[in-house]
Asks: 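Just passing along the structure, written as structure tokens.
The residues of the chain are indexed from 1 along the displayed sequence.
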Amino acid sequence: MDFYQFYTGACFDAYTFLGAHVTEDGAVFRTFAPAADKIDLCLWQDGVSKILPMHEIYDGNFYECSAAGVKPGDYYAYEIYHNGECTEHCDPYGFGMELRPGHRSVVRDLSYAFHDAKWQRERGDGKSGPVNIYEMHLGSWRKKGDAPDGDWYSYEEIAGPLIAYLKQSGYNAVEFLPLSEHPADVSWGYQNTGFFAPTSRYGSAKELMALVDALHQNGIAVIMDFVPVHFAVDDYGLSQYDGTALYEYPHRDVGDSEWGSKNFMHSRGEVRSFLQSAANYWLSVYHFDGLRMDAVSRIIYWQGDEARGVNRDGILFIKTMNAGLKSRHPNCMLIAEDSTNYPKVTAPVSEDGLGFDYKWDLGWMHDTLSFFQSSPEQRFGRYHKLTFSMMYYYNEHYLLPLSHDEVVHGKATILQKMNGGYDGKFPQARAMYAYMMAHPGKKLNFMGNEIGHFREWDEKREQDWNLLEFPIHEAFYRYICDLNQLYLNHPALYEKDYDRDGFEWTQVHGEDRTVYAFERLGGKERILALFNFGSHPQKEKIAGKAEDYQLLIHSDDEKYGGNVENPAQCLRQEEDGLVCTLAPFSAVLFEKQA
């Protein structure tokens, strides 16, 4: 570690120096605590505890202690003294932590022999390829039992079932909600105490490496949510680490977040180096393919409030971090969850952008779900909610998310959001998902959405897999699988996501019928997508002859629980030209011959 870079916020490898590092005869422990009066290392080995004094090194702001006989799996903590008071802290750079409510750090050996060299060489950032992300909370995807506290599968145990399910379902990437250690299950990992420690809920560091390795060997990219904005307030964590506000702001007006956590002080070089090193750690040591950065708006603007103005130090932090990560991992995916209109979020830092590869299109998400929540009669006046996204789409590299945030806290699940009664929701959801998959932009869908989940997500329970015993849900899942595979196998749906010549409206003024149509181009393919989001059948004229079109998918096909017995017959040559008959609440995709 370069100390000058550490202090100036240009360091990306602080974890190679700080933390607990296994040696030939034990381990060496180092921590950064400039305001501490003294620090003792507390060790627990085979049920026996001992205290060893740490000594100052370098400029007196760092403390070190070597301990013989320490082995991976041993527990430790730091007793930090300041102004006559002592607080026990876990290691900010610790590579493991014990299961909550315990808070001690765990010595980990990070050596692991990956078998994903071919994947690492050939992977890309996905810009011109298909990116279909399955977002999931690992602990509640499947559980061993019904106990709300525990009964989790380990990283190792879940690998086989998860890989099989992702491949069957047509997802080529998985995004895990934060796997860094956190004390409260209800935070879903978004309030961390261990930024370098994989949560012990599901096992050890090597087990997580093995999971990532196995996913790569099966052609699946692995993304993790990363939280560079705030941290948990627990007194054993980062809060008042050396007796002062070392990681957080000293003033509550900017120091306390809306979530009851502490905001990182991004103006401090040591804090920026901590976060940059953590981001690089997950990409380097665990081989993650990308990071989805949570709550980026809270870094761009003071506490996410545009009225408070731009946080210049926050902007500098984002640019430095993203530029540094891309220089070290050129093909990694850096994804921003950002709800603001701040410009050039996905432009390179060299072009005065923030340096992200993708930005969540939250405007598309809100407009789309709002449209489908409305009644068929209301949709006539809301027609352009579904066309507006293409007015701004080329400003950024957008990713279309139907994420965990949309299926909790009384918002209802995606299927529930569809207008109408139980049976009437399924055709609308099928049509909506076809619209999503045909629309330019990479895709993200939260677990449970694909089986038509009706119960809001609860981190204490596994998904309601018994829904697949009901024909209507099983048919819906089969439709999502086929639609996903269609997306993965047709370059027209992804190759030119960010090129203006990859998309063209052919019907954008069907206000009186809620009919839409557009073409996608790419890979020498041309795909025509037609949609009827109204409650009555509609006819749409299209150019060419019937033999010019090959049906790819019909959302109202009987095999998907729909009402159309012979989908191919929706296309007919009539006296005034070629006409496609669109069933109520349906989508039809054709491959158009050149």
Asks: Got a second to check how far Glu306's CD is from Ser339's OG, nearest 0.5 Å?
Replies: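 Separation between the atoms: 8.0 Å.
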Asks: Would Tyr394 and Asp499 satisfy side-chain hydrogen bond (donor to acceptor under 3.5 Å, both in side chains), going step by step from the backbone distance to the final call?
Replies: CA-CA 8 Å; Tyr394 295 105; Asp499 296 339; over 6 Å; no
Asks: Check Lys592 against Glu519 and note the closest heavy-atom contact, atom names and distance.
Replies: NZ-OE2, 3.2 Å
Asks: How many angstroms lie between CH2 in Trp119 and NE2 in His216, if you round to the nearest 0.5 Å?
Replies: 5.5 Å
Asks: Do Trp188 and His137 make the cut of ring centroids closer than 6.0 angstrom?
Replies: no
Asks: With sequence neighbours left out, which residue pairs that include part of residues 213-230 fulfil the salt bridge (charged side-chain N to carboxylate O under 4.0 Å, His left out) condition?
Replies: Asp225-Arg292
Asks: Whether the Asn532 and Tyr516 side chains hold a donor-acceptor pair (N or O, under 3.5 Å, no angle test) is what I'd like checked.
Replies: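 There is no such pair between these side chains.
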Asks: Among Gln428, Met432, Gln373, Lys425, find the one that has a side chain to side chain contact (heavy atoms under 4.5 Å, CB included) with Lys417.
Replies: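 Only one of Gln428, Met432, Gln373, Lys425 forms a side chain to side chain contact (heavy atoms under 4.5 Å, CB included) with Lys417, namely Gln373.
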Asks: Taking the basic N atoms (NZ, or NE/NH1/NH2) and the acidic carboxylate oxygens, is any pair closer than 4.0 Å for Asp185 and Lys460?
Replies: no
Asks: With sequence neighbours left out, write down each residue that passes side chain to side chain contact (heavy atoms under 4.5 Å, CB included) with Lys359, or none if nothing qualifies.
Replies: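 For Lys359 the side chain to side chain contact (heavy atoms under 4.5 Å, CB included) partners, ignoring immediate neighbours, are Asp338, Val345, Thr346, Glu396, Tyr398.
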Asks: Walk me through it: do Val186 and Glu459 pass the test side chain to side chain contact (heavy atoms under 4.5 Å, CB included)?
Replies: CA-CA 7 Å; Val186 294; Glu459 78 283 347; 3.2 Å; yes
Asks: Determine the minimum heavy-atom distance between Ser140 and Trp457, stating which atoms define it.
Replies: OG-NE1, 2.8 Å
Asks: Does Arg379 reach the side chain of Asn419, with side-chain heavy atoms less than 4.5 Å apart?
Replies: yes
Asks: For the rings on Phe454 and Tyr422, is their centre-to-centre separation under 6.0 Å?
Replies: yes
Asks: Is Lys442 reaching over with its side chain to a backbone N or O of Gly126, donor-acceptor style, under 3.5 angstrom?
Replies: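 Yes; judged by distance alone, with no hydrogens or angles, the pair exists.
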Asks: Consider only side-chain N and O atoms of Glu258 and Gln303, and report whether a donor and an acceptor are under 3.5 Å apart.
Replies: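 Result is no, nothing qualifies.
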Asks: Angle class for the His473/Phe426 ring planes (parallel below 30°, perpendicular above 60°, tilted otherwise)?
Replies: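 Ring orientation, 0 to 90° scale: perpendicular.
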Asks: Is it the case that the ring center of His230 lies less than 6.0 angstrom away from the ring center of Tyr190?
Replies: no
Asks: Kindly compute the distance separating CD (Glu157) from CZ (Arg142), expressed to the nearest 0.5 Å.
Replies: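 The CD atom of Glu157 sits 13.5 Å away from the CZ atom of Arg142.
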Asks: Ile335 and side chain to side chain contact (heavy atoms under 4.5 Å, CB included): which single residue from Asp357, Asp294, Ile223 fits?
Replies: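 In the set Asp357, Asp294, Ile223, the residue that makes a side chain to side chain contact (heavy atoms under 4.5 Å, CB included) with Ile335 is Ile223.
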Asks: Keeping to residues at least two apart or across chains, list the salt bridge (charged side-chain N to carboxylate O under 4.0 Å, His left out) pairs with something in residues 567-581.
Replies: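 Only Lys539-Glu574 qualify under salt bridge (charged side-chain N to carboxylate O under 4.0 Å, His left out).
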Asks: Quick check on the 6.0 Å ring-centre criterion: do Phe533 and Phe585 meet it?
Replies: no
Asks: Between Tyr202 and Tyr155, is the ring centre distance below 6.0 Å?
Replies: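 Yes; Tyr155 has its ring centre under 6.0 Å from that of Tyr202.
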Asks: For Leu334 and Gly355, work out which heavy atoms get closest and say how close.
Replies: CD1-O, 4.1 Å
Asks: Okay, side chain of Arg308, backbone of Trp302: is any donor-acceptor separation there less than 3.5 Å?
Replies: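 The answer is no, because no donor-acceptor pair under 3.5 Å joins these two groups.
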Asks: Hey, which of Gln463, Glu462, Arg461 is the one that makes side chain to side chain contact (heavy atoms under 4.5 Å, CB included) with Lys143?
Replies: Glu462
Asks: Using modelled atom types only, decide if a donor and an acceptor are shared between the side chain of Glu456 and the backbone of Gly410 within a distance under 3.5 Å.
Replies: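 Between the backbone of Gly410 and the side chain of Glu456 there is a qualifying donor-acceptor contact (under 3.5 Å).
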Asks: What orientation do Phe503 and Trp505 show, parallel under 30°, tilted 30 to 60°, or perpendicular over 60°?
Replies: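 Geometry flag for Trp505 against Phe503: perpendicular rings.
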Asks: Going through the checks in order, is the side chain to side chain contact (heavy atoms under 4.5 Å, CB included) test met by Met365 and Leu402?
Replies: CA-CA 7 Å; Met365 180 273 296; Leu402 292 175; 4.0 Å; yes
Asks: Could you walk me through whether Tyr479 and Glu474 satisfy the side-chain hydrogen bond (donor to acceptor under 3.5 Å, both in side chains) test, starting with their C-alpha distance in whole Å, then the side-chain angles of each, then the deciding distance to 0.1 Å, before giving a yes or no?
Replies: CA-CA 9 Å; Tyr479 169 75; Glu474 190 278 332; over 6 Å; no
Asks: Is it the case that Asn132 and Asn484 place a side-chain donor and acceptor less than 3.5 Å from each other?
Replies: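 There is such a pair between these side chains.
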Asks: Is a side-chain donor or acceptor of Ser169 paired with a backbone partner of Tyr171 at a separation under 3.5 angstrom?
Replies: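 No; judged by distance alone, with no hydrogens or angles, the pair does not exist.
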Asks: What pair of heavy atoms forms the shortest contact from Cys570 to Phe590, and how long is it?
Replies: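 Answer, listing the atom of Cys570 first, then Phe590: SG-CZ, 3.8 Å.
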Asks: Ion pair present between Arg123 and Asp289, side-chain N to carboxylate O less than 4.0 angstrom?
Replies: yes
Asks: Can you tell me how far CG of Asn192 sits from OG of Ser180, rounded to the nearest 0.5 angstrom?
Replies: 3.5 Å
Asks: How far does CG of Leu291 sit from CE of Met224, to the nearest 0.5 angstrom?
Replies: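 One gets 6.5 Å once the value is rounded to the nearest 0.5 Å.
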Asks: Can you confirm whether or not the ring centre of Phe446 sits under 6.0 Å from the ring centre of Tyr134?
Replies: no
Asks: Does Lys127 qualify as a cation-pi partner of Tyr358, given the criterion of NZ or CZ under 6.0 Å from the six-membered ring centre and within 45 degrees of its axis?
Replies: yes
Asks: Is there a side-chain hydrogen bond (donor to acceptor under 3.5 Å, both in side chains) between His384 and Glu511 once you walk through the steps?
Replies: CA-CA 8 Å; His384 288 290; Glu511 293 92 339; 2.8 Å; yes
Asks: Regarding Ser297 and Tyr342, do their side chains bring together a donor and an acceptor under 3.5 Å, going by distance alone?
Replies: no
Asks: Do the rings of Phe531 and Phe518 sit parallel, tilted or perpendicular, given the 30° and 60° boundaries?
Replies: tilted
Asks: Do Glu525 and Arg520 meet the salt-bridge criterion of a basic N to acidic O distance under 4.0 Å?
Replies: no
Asks: What is the distance from atom CG of Leu325 to atom CE of Met333, rounded to the nearest 0.5 Å?
Replies: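 Reported value, rounded in 0.5 Å steps: 14.0 Å.
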Asks: Taking the six-membered ring where the residue is Trp, are the ring centres of Trp141 and Trp152 under 6.0 Å apart?
Replies: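 Judged by ring-centre distance (under 6.0 Å), Trp141 and Trp152 do not meet the cut-off.
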Asks: So, for Trp465 and Tyr165, is the gap between ring centers shorter than 6.0 Å?
Replies: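 Yes, ring centres under 6.0 Å apart.
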Asks: Between Lys559 and Arg478, is the side chain to side chain contact (heavy atoms under 4.5 Å, CB included) condition met? List the steps.
Replies: CA-CA 9 Å; Lys559 67 181 180 181; Arg478 193 180 336 129; 3.8 Å; yes
Asks: Spell out, as yes or no, whether a donor-acceptor pair under 3.5 Å connects the side chain of Thr368 to the backbone of Trp364.
Replies: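 Side chain of Thr368 to backbone of Trp364, a donor-acceptor pair under 3.5 Å: yes, one is there.
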Asks: Please give me the minimum heavy-atom distance between Trp360 and Glu337, naming the atom from each residue.
Replies: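 Taking Trp360 first and Glu337 second, the nearest heavy atoms are CE3-CG, 3.6 Å.
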Asks: May I ask you to say whether Arg526 pairs ionically with Glu591, meaning some side-chain N is under 4.0 Å from a carboxylate O?
Replies: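 Not counted as a salt bridge, because no side-chain N and carboxylate O are separated by less than 4.0 Å.
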Asks: Ser586 and Asp556: which non-hydrogen atoms are nearest, and at how many Å?
Replies: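 Of all heavy-atom pairs spanning Ser586 and Asp556, the closest is CB-CB, 4.2 Å.
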Asks: Please name the residue in the list Leu571, Thr506, Val515, Leu582 that meets the side chain to side chain contact (heavy atoms under 4.5 Å, CB included) test with Leu530.
Replies: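 That would be Leu582; it is the only one of Leu571, Thr506, Val515, Leu582 passing the side chain to side chain contact (heavy atoms under 4.5 Å, CB included) with Leu530.
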